[in-house]
Amino acid sequence: MAVLKVTFTKAERDKLAHVLWVLNWISVVSGVILFGLGVFLKVEIQKRQELMSNHEIDYVPHMLLTTGIVACCINFLGGKICYDCVDTTKFLRWKLVMLPYIVCTFFFTFCILVGALMCYTMHNKLDELLYIGLRNAMRYYKDTDTPGRCYLKGTVDMLQIHFQCCGNAGYRDWFHIQWISNRYLNMSSSEVMDRVRSNVDGKYLMDGVPFSCCNTYSPRPCIQHQVTNNSAHFNYDHQTDQRNLWKGGCRQALLDHYTSIMQSISLIVFLIWLFELLVLTGVRYLQTAMENLLRQGDPDSESDGWILENSLAETARYNFNIIKNLGKCYQVDDDDPNINIPTIAQQEVPPRQILLEK
């Protein structure tokens with residue numbers, strides 16, 4: 001029994017073909033939107049690529065770019081097919097193409113769904129990349145005279161100012177790394193040398209943060225050195241003062257930023273997937289209705305269209321048997337009595353052997 005069978009008159013078939021032609025062109029626009037989303041995401045990632053540990057996240061925008069290009073091509077072809085389906089003579093040119101086209105489009109729409117899920121579920125991977133990338137960027141913050149790292153100080157400062165954050169998880173992260181270069185330290189000072197000697201790794205550590213951690217809304221001048229020393233500053237308590245430094249970490253700020261972008265893109269891609277699935281369903285109805293019309297021989301008569309000619313279980317069983325029979329074609333039956341029987345050509349004695357016997 002056919003699944004979701006619908007009977008179409010000639011006028012309904014023509015209207016369906018015209019509507020699908022319009023929807024396919026709208027789908028071409030959706031392909032352009034997918035491509036644009038891929039470009040936008042690629043640019044957003046490239047802006048702060050140096051704050052991520054590697055390029056593992058690039059596969060998401062690349063998939064959106066590829067999917068957008070393929071969507072434009074497939075739907076352009078689908079629009080041409082649906083437009084020609086108004087005329088039965090023109091449909092004959094596409095009759096053998098439509099079923100492979102529908103199968104390919106089905107797998108393509110599945111790829112769109114996978115892309116939407118990838119955008120929505122990459123939160124944990126992004127968190128890991130940002131944690132490692134920010135940790136390395138803070139470690140190289142002081143290397144302003146080292147080629148390949150000299151730009152990191154400006155990058156981190158602009159990040160903390162723009163996102164109003166400080167450190168990786170918080171401002172205390174700066175206490176555990178040397179963020180001032182030895183070039184700007186007075187190594188002849190006993191205070192500096194005491195700090196360096198007191199550290200196992202010989203680093204100059206202090207309870208201070210870069211200027212970019214300062215809260216611009218603080219009513220008092222920013223305290224960025226001796227942050228935890230209350231006695232070093234008048235009327236100051238670092239545990240209760242909430243407006244001196246940015247309290248939030250940059251990893252969470254960046255994660256929230258990218259997560260909001262990914263979720264928005266995921267929603268748009270999911271809506272495009274639903275729209276593509278709707279168009280694919282209509283094309284399937286049009287294909288089956290036109291094929292049944294050709295069997296009847298009357299171009300003005302009614303014809304049935306469906307999603308599946310048989311039930312889902314019967315269709316799955318039928319395809320499974322086809323695959324199983326294809327496998328049997330390459331199997332050799334050891335019980336076949338015709339195996340290993342020499343042919344006439346094999347039984348012939350070569351001429352050279354006859355001469356030797358003589």
Side-chain angles (χ1 to χ4, degrees), residues 39-62 122 124-189 191-216 222-228 245-259 261:
V39 172
F40 171 74
L41 184 58
K42 181 73 174 178
V43 171
E44 282 295 319
I45 293 176
Q46 288 293 334
K47 282 182 182 179
R48 299 174 179 88
Q49 187 69 63
E50 61 273 9
L51 300 177
M52 300 181 187
S53 59
N54 51 48
H55 300 268
E56 292 182 8
I57 200 175
D58 286 342
Y59 67 89
V60 178
H62 290 165
M122 62 182 303
N124 294 334
K125 187 65 179 179
L126 185 61
D127 189 14
E128 179 184 355
L129 296 179
L130 288 174
Y131 172 77
I132 300 175
L134 283 170
R135 184 188 62 186
N136 294 335
M138 291 172 61
R139 185 183 302 167
Y140 303 137
Y141 179 87
K142 67 181 185 303
D143 299 338
T144 53
D145 53 353
T146 303
R149 300 177 183 173
C150 54
Y151 62 90
L152 282 175
K153 179 182 183 299
T155 300
V156 173
D157 284 334
M158 291 304 298
L159 171 70
Q160 295 187 143
I161 293 173
H162 180 74
F163 285 95
Q164 299 181 355
C165 58
C166 185
N168 197 330
Y171 69 91
R172 289 182 176 272
D173 293 336
W174 291 106
F175 299 172
H176 306 294
I177 62 173
Q178 179 180 340
W179 54 273
I180 299 178
S181 174
N182 290 337
R183 181 180 179 183
Y184 305 105
L185 292 175
N186 184 7
M187 304 306 289
S188 61
S189 171
E191 181 182 354
V192 173
M193 292 307 298
D194 289 341
R195 282 187 178 272
V196 173
R197 293 193 188 99
S198 63
N199 185 262
V200 176
D201 298 325
K203 297 179 179 180
Y204 181 77
L205 304 182
M206 61 178 181
D207 57 342
V209 296
F211 77 96
S212 53
C213 283
C214 293
N215 189 335
T216 55
C222 180
I223 298 174
Q224 63 180 108
H225 298 289
Q226 296 183 343
V227 175
T228 59
L245 302 175
W246 303 120
K247 299 300 180 181
C250 291
R251 181 183 47 158
Q252 188 61 45
L254 276 177
L255 189 62
D256 293 341
H257 172 70
Y258 280 113
T259 300
I261 292 177

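We number each residue from 1, following the sequence as shown.
- Classified by interplanar angle (parallel below 30°, tilted 30° to 60°, perpendicular above 60°), the ring pair H225/W179 is parallel.
- When atom types are taken as modelled, the side chain of D256 and the backbone of A253 share no donor-acceptor pair closer than 3.5 angstrom.
- Side-chain contact between R195 and L205: absent, with no pair of heavy atoms (C-beta onward) separated by less than 4.5 Å.
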Start with the C-alpha distance between M206 and Q226, add both sets of side-chain angles, then the distance that settles side chain to side chain contact (heavy atoms under 4.5 Å, CB included), and finish with yes or no. CA-CA 7 Å; M206 61 178 181; Q226 296 183 343; over 6 Å; no
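- Residue pairs meeting the ring-ring contact (aromatic ring centres under 6.0 Å, His included) criterion with at least one partner in residues 125-160, sequence neighbours excluded, are Y141-W174.
- L159 has its side chain within reach of L134: a pair of non-hydrogen atoms, C-beta onward, lies under 4.5 Å apart.
- Using a 4.5 Å heavy-atom threshold, the side chains of W246 and I161 count as separate.
- A 4.5 Å side-chain heavy-atom check between D201 and Q178 finds every atom pair outside the cut-off.
- Between R251 and D173, the closest side-chain pair of non-hydrogen atoms is not below 4.5 Å.
- The shortest non-hydrogen separation linking K47 to E50 is O-OE2, 3.7 Å.
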Test log, rule side chain to side chain contact (heavy atoms under 4.5 Å, CB included), inputs K42 and D58: CA-CA 7 Å; K42 181 73 174 178; D58 286 342; 3.8 Å; yes
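- In this structure, cysteines C166 and C250 have SG atoms that are not closer than 2.5 angstrom.
- Annotation: the span from Q49 atom CD to T155 atom OG1 amounts to 12.0 Å, rounded to 0.5 Å.
- Here the closest heavy-atom approach between residue I223 and residue V227 is recorded as O-CG2, 3.9 Å.
- A side chain to side chain donor-acceptor pair (under 3.5 Å) with S212 is found for one member of Q160, K153, Q224 and no other, namely Q160.
- In terms of the side chain to side chain donor-acceptor pair (under 3.5 Å) criterion, residue partners of N186 (sequence neighbours excluded) are, by chain and number, S188.
- Counting heavy atoms from C-beta on, the side chains of I177 and K142 never come closer than 4.5 Å.
- The closest side-chain heavy-atom distance from N215 to Q164 is not below 4.5 Å.
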For the pair L41 and I261, evaluate side chain to side chain contact (heavy atoms under 4.5 Å, CB included) and give the outcome as yes or no after the intermediate values. CA-CA 8 Å; L41 184 58; I261 292 177; 4.2 Å; yes
Using the rule given for side chain to side chain contact (heavy atoms under 4.5 Å, CB included), can you reason through L245 versus C222, listing the C-alpha separation, both sets of side-chain angles and the distance that settles it, and then say yes or no? CA-CA 8 Å; L245 302 175; C222 180; 4.0 Å; yes
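- Between the side chains of N124 and E128, no donor N or O sits under 3.5 Å from an acceptor N or O.
- Scanning both residues, Y258 and I45, for their nearest heavy atoms gives OH-CA, 3.9 Å.
- Smallest separation of non-hydrogen atoms from R135 and N168: N-ND2, 3.6 Å.
- The distance from atom NE2 of H176 to atom CG of D207, rounded to the nearest 0.5 Å, is 11.0 Å.
- Residues V196 and K203 are not in side-chain contact: their nearest non-hydrogen atoms beyond the backbone lie 4.5 Å or more apart.
- With rounding to the nearest 0.5 Å, the separation of OG1 in T259 from CG in L254 is 10.0 Å.
- In this structure a side-chain-to-backbone donor-acceptor pair under 3.5 Å is missing from H162 to M158.
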